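What follows is a short report on a single structure.
Letters A, B, ... are given to chains in the order of the sequence lines, protein chains preceding strands, and every chain is numbered from 1. Everything quoted here is computed from the prediction, not taken from an experiment. Side chains are part of it too, since the values below use all heavy atoms of this structure and drop only hydrogens, waters and symmetry mates.
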Amino acid sequence: MTPEQQLEHLVGDASEVHSREELLDRLKLGRPLRIKYGADPSAPDLHLGHSVPMMRLRRFQDMGHKVIFIIGDFTGRIGDPSGRSKTRPMLSSEDIERNAATFAEQAGKILDIDACEIRYNSEWLDNLGSRGLIELAARYTVARMLERDDFATRMRSETPISIVEFLYPLVQAYDSVAVEADVEVGGTDQLFNFLVGRDIMRAYGMAPQVAATWTLLVGTDGTEKMSKSLGNYVGIAEPPGEMFGKLMSIPDVVLPHYYALLTDVGFDGAEQIERQMQSGELHPMEAKKRLASTIVARYHDPDAARRAQEEFEAVFSKGELPSDMPEHRIRRSDLEDGRIWIVKLVADCGGASSNSEARRLIRQGGVRLNDQRIQDETANVEVNGGDVLQVGRRHFAKIVVE
RNA sequence: GGAGGGAUGCCCGAGCUGGCCAAUGGGAGCAGACUGUAAAUCUGCCGGCGAAUGCCUACGGGGGUUCGAAUCCUCCUCCCUCCA
């Protein structure tokens with residue numbers, strides 16, 4: 001591959017690269033480049049949103065470049081007052097250690113983890129000292145900091161911004177100095193930080209890193225970015241059935257977006273799929289099943305993908321019972337004449353978090369016992385081993401009397 | 001340091017001339033209908049316990065006034081804006 005082709009292969013689908021020319025020049029050097037990726041030590045569970053930049057990292061890796069994961073243990077131990085209300089919890093060293101291990105394990109599904117360099121930023125930040133920190137801070141201005149959209153918005157909306165938050169981009173930029181990054185990759189939300197990285201590297205007399213960002217993946221709700229806290233994510237370590245089901249629940253309109261970012265078809269392929277759906281050539285559900293199946297196959301295996309699809313079709317298209325249901329054990333002594341109060345049953349089996357919620361579900365017709373809808377919240381129902389309780393669409397439990 | 005404004009349920013946000021406030025409205029969420037477990041739409045629910053007319057907990061925290069307080073007083077904590 002010529003350097004130009006490499007460039008296209010590596011960042012052809014990136015949303016922004018600062019700059020392509022610079023990256024081309026580095027590629028022409030012919031040496032392995034150092035590719036930086038910052039990992040959040042507070043959220044070890046990776047989801048498809050993380051997989052987007054990671055898949056791109058894999059491309060770099062496959063071309064002989066060095067991926068450097070930076071575990072932000074220094075910042076994680078201090079705690080981050082970012083955002084409005086919730087202060088991020090401080091993490092203990094053990095937490096960080098454990099999270100890093102989980103992270104590595106999950107990242108290993110996408111990358112050759114043994115070929116990666118994993119670094120903790122406390123390694124250099126602990127030694128920086130107040131003097132070093134102040135020297136670092138001296139190299140950037142408040143005005144430039146306030147250019148960041150997030151800060152600007154918060155200033156306007158009178159939401160507090162702590163000084164530490166100004167320090168974060170600087171510290172992250174310093175990471176680039178410490179690991180001598182050639183390229184930093186991440187989501188578009190990181191662009192500002194990456195650019196600060198460039199400035200700071202220059203200030204320390206280094207060639208600035210190339211900043212490459214990719215569009216953020218939207219979550220299964222189809223609007224917000226995928227994130228754990230919003231609950232709209234698909235974890236890459238989730239069981240095949242869950243993964244498949246969650247992917248089937250995304251709105252049709254985001255299908256091309258998912259295809260483009262998560263599969264090998266690329267933007268062109270995604271556009272083609274979009275056209276086929278519009279013309280009626282391809283049923284959106286079919287496209288979605290294919291997507292779900294591709295992704296399950298990647299994180300599990302093709303066989304698991306096939307089974308997940310069959311199960312999905314059986315349960316949701318044909319209305320059959322799932323082949324595998326969690327068991328709910330009831331002690332015979334809790335029964336009166338073989339009967340139990342329906343509200344208690346629903347709450348106990350995890351279908352509702354309180355009796356009140358269970359009542360609501362029952363009243364609204366969301367509860368079935370052996371396919372028989374139960375709407376009387378005062379009912380005492382007869383239960384036998386093997387009975388199936390269904391709460392809502394997707395919550396099933398097989399009753400075992402012991 | 002000075003002046004002013006604010007803290008309400010998962011989030012945003014009314015209420016704040018005391019009882020009709022478990023607290024208007026929106027979002028999120030959940031259930032039902034319709035479907036392709038999609039989206040959109042419509043309906044309902046949306047603190048807990050209870051068969052219930054009921055009870056308990058709740059409007060930043062403590063104390064107080066009152067028959068009765070999210071609403072009044074007081075102290076504290078935190079936040080914001082402006083001036084320095």
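- Checking B:rA7 for Watson-Crick or G-U wobble geometry (two distances, each under 3.5 Å) identifies B:rU77 as its partner.
- When both distances must be under 3.5 Å, the Watson-Crick or G-U wobble mate of B:rU66 does not exist.
- Checked against the 6.0 Å centroid threshold, A:F166 and A:Y140 do not count as a close aromatic pair.
- Both distances falling under 3.5 Å, in either a Watson-Crick or a G-U wobble arrangement, place B:rC30 opposite B:rG44.
- At the phosphate of B:rG36, neither OP1 nor OP2 sits under 4.0 Å from any side-chain N or O atom of A:R393.
- Of the residues in residues 284-293 of chain A, those placing a heavy atom less than 4.0 Å from an atom of RNA chain B are A:P284, A:M285, A:K288, in numerical order.
- A straight line from CD of A:Q364 to P of B:rC42 spans 17 Å, rounded to a whole angstrom.
- Here A:R56 pairs with A:D13 in a salt bridge; the nearest charged N to carboxylate O distance falls below 4.0 Å.
- The environment of A:E105 atom CD is sparse: at most 12 non-hydrogen atoms of other residues, nucleotides or ligands sit within 6.0 angstrom.
- Summarising the local packing, NZ of A:K398 is surrounded by 12 or fewer heavy atoms from other residues, nucleotides or ligands at distances under 6.0 Å.
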Please tabulate, one pair per line, each protein N/O and nucleotide N/O from nucleotides 47-50 of chain B that are separated by under 3.5 Å, including the distance.
unit_1	atom_1	unit_2	atom_2	d
B:rG48	OP1	A:S354	OG	2.9
B:rG48	OP1	A:R360	NH2	3.4
B:rG48	OP2	A:R360	NH2	2.5
B:rC49	OP1	A:N355	N	2.8
B:rC49	OP2	A:N355	N	3.3
B:rC49	OP2	A:S356	N	2.5
B:rC49	OP2	A:S356	OG	2.5
B:rG50	OP1	A:N355	ND2	3.0
B:rG50	OP2	A:N355	ND2	2.8

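- If you check every strand for non-hydrogen atoms under 4.0 Å, A:G222 touches nothing.
- Qualifying side chain to side chain donor-acceptor pair (under 3.5 Å) partners for A:R360, counting only residues two or more places apart in sequence or in other chains: none.
- A:E224 has its CD atom 10 Å from the C1' atom of B:rG27, to the nearest Å.
- Within residues 315-331 of chain A, the residues having any heavy atom closer than 4.0 Å to RNA chain B are, in order of number, A:F316, A:S317.
- Under 3.5 Å, the side chains of A:E357 and A:S353 contain a donor-acceptor pair of N or O atoms.
- Separating the CG atom of A:D221 from the P atom of B:rG27 is a distance of 15 Å, rounded to the nearest angstrom.
- Between A:E16 and A:T213, the side chains place no donor N or O within less than 3.5 Å of an acceptor N or O (distance only, hydrogens not considered).
- Applying the side-chain hydrogen bond (donor to acceptor under 3.5 Å, both in side chains) test to residues at least two apart or on different chains, none of the pairs has a partner in residues 255-267 of chain A.
- A:H47 and A:Y233 have tilted rings, their planes meeting at an angle from 30° to 60° on a 0 to 90° scale.
- A:D182 and A:R34 are not joined by a salt bridge, as no carboxylate oxygen comes within less than 4.0 angstrom of a charged side-chain nitrogen.
- Both A:R394 and A:L361 lie close to RNA chain B; mapped to their nearest nucleotides by heavy-atom distance, the more 5′-ward contact belongs to A:L361.
- In this structure A:Y204 satisfies the ring pair (Phe, Tyr, Trp, His ring centres under 6.0 Å) test together with A:Y174, sequence neighbours excluded.
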